[in-house]
There are 2 protein chains.
Amino acid sequence: MSRSNPRVLATLERAGGFASAQEVYQLMQREGERIGLTTVYRSLQSLLNDKIVDLLHREDGEAIYRLCGESHHHHLVCKSCGDTVEIEGGAIEKWANSMAQEHGFREVGHTAEIFGLCSKC
Amino acid sequence: MSRSNPRVLATLERAGGFASAQEVYQLMQREGERIGLTTVYRSLQSLLNDKIVDLLHREDGEAIYRLCGESHHHHLVCKSCGDTVEIEGGAIEKWANSMAQEHGFREVGHTAEIFGLCSKC
DNA sequence: GCATAAATGAAAATGATTGTCATTTTCATA
DNA sequence: TATGAAAATGACAATCATTTTCATTTATGC
């Protein structure tokens, strides 16, 4: 059972609590920390098990890790210019929970993104 | 400009309007259709451009394509056995629309998936 | 000090996706 | 019908994130 390397968590925090494994790794490299990519992956996996971070996916499928405890939010993304707005997702939480309960699912998480054209585009 | 192979669309329909590129490919192989994986990818990409299908991502990041126009629903997926339940997303539609309006976004779409452990797992 | 388990990281394996390029098909027009 | 340009196709290689393997290092208890 591998415990998570505390420097990985520290770096994720420094990155704004929202980054992919590759990004965390590159950040640590640039800051001169000596760490292997494998360890970054393992640490993030372990933080995930301990429910210290959440896992979601970018549009291209790359996994991004988000610090839990950060206020849980979703994204409104412009299809044209890529501009992103963080939005509240209270309604989604309730929806996800009630749907899960209705079908007997436990330990539920969810992803939700909205995309469209922003006022400028 | 590559047009989409109609057999790919037909197969996606047959698959329930919801499958990954790899799955569409394997399905076509099994049914004896002679087609290359590359063409499947290109066709799906092209269907995406033409807004005939939507793109979303599975929990592991694999891209899945969904036929538009299908009665719009969402999925509740078991993390363990992969069992999937289609669920209504009325609350989500409203949430997406109101959030979009609030921030001046037009032509909005959204993705939302719930995942957890089903009653059997 | 020493033995043993856990942590580490380099390198290879994996799996989805994309790029390349030579070949084939389509189709309008000569 | 013959022809040629443009589009479509598919085998194969390249790319990129992620996982696995395995040998080595580090930490910990005795």
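Straight-line distance from the CE atom of A/Met28 to the C1' atom of C/dG9: 13 Å, rounded to whole Å. Look at CG on A/Leu44: it is 14 Å from P on C/dG9, rounded to the nearest Å. Between B/Asn49 atom CG and C/dT18 atom P there is a gap of 12 Å when expressed in whole angstrom units. Regarding A/Ile35, its CD1 atom lies at a distance of 6 Å from the P atom of C/dG9, rounded to whole Å. Between A/Gln29 atom CD and C/dA10 atom C1' the separation is 13 Å, expressed in whole Å.
Salt-bridge formation is detected for the pair A/Glu23/A/Arg58: a Lys NZ or Arg NE/NH1/NH2 atom is positioned less than 4.0 Å from an Asp or Glu carboxylate oxygen. With respect to B/Glu107 and B/Lys51, no salt bridge is recorded, no charged nitrogen being found less than 4.0 Å from a carboxylate O.
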When you compare the protein's N or O atoms with those of nucleotides 14-21 of chain D, which come within less than 3.5 Å of each other, and at what distance?
{"from": "D/dT18", "atom 1": "OP1", "to": "A/Ala63", "atom 2": "N", "distance (Å)": "2.9"}
{"from": "D/dT18", "atom 1": "OP2", "to": "A/Tyr41", "atom 2": "OH", "distance (Å)": "2.6"}
{"from": "D/dT18", "atom 1": "O5'", "to": "A/Tyr41", "atom 2": "OH", "distance (Å)": "3.1"}

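Side-chain heavy atoms closer than 4.5 Å link hydrophobic residues (I, L, V, M, F, W, Y) into clusters, and following such links, even through other members, never connects B/Leu27 to B/Phe18.
Residues forming a side chain to side chain donor-acceptor pair (under 3.5 Å) with A/Glu113 (at least two apart in sequence, or on another chain): none. With sequence neighbours left out, the side chain to side chain donor-acceptor pair (under 3.5 Å) criterion links A/Gln26 to no other residue.
Ring-plane geometry between B/Trp95 and A/His74 is classed as perpendicular, the angle between the planes exceeding 60 degrees on a 0 to 90 degree scale with a lower cut at 30.
For the pair A/Thr39 and C/dT8, the criterion of a side-chain N or O lying under 4.0 Å from OP1 or OP2 is not met. Between A/Asn5 and C/dA7 there is no side-chain polar atom (N or O) within less than 4.0 angstrom of OP1 or OP2.
Within 4.0 Å of B/Arg58, counting heavy atoms only, lies no atom of the nucleic acid at all.
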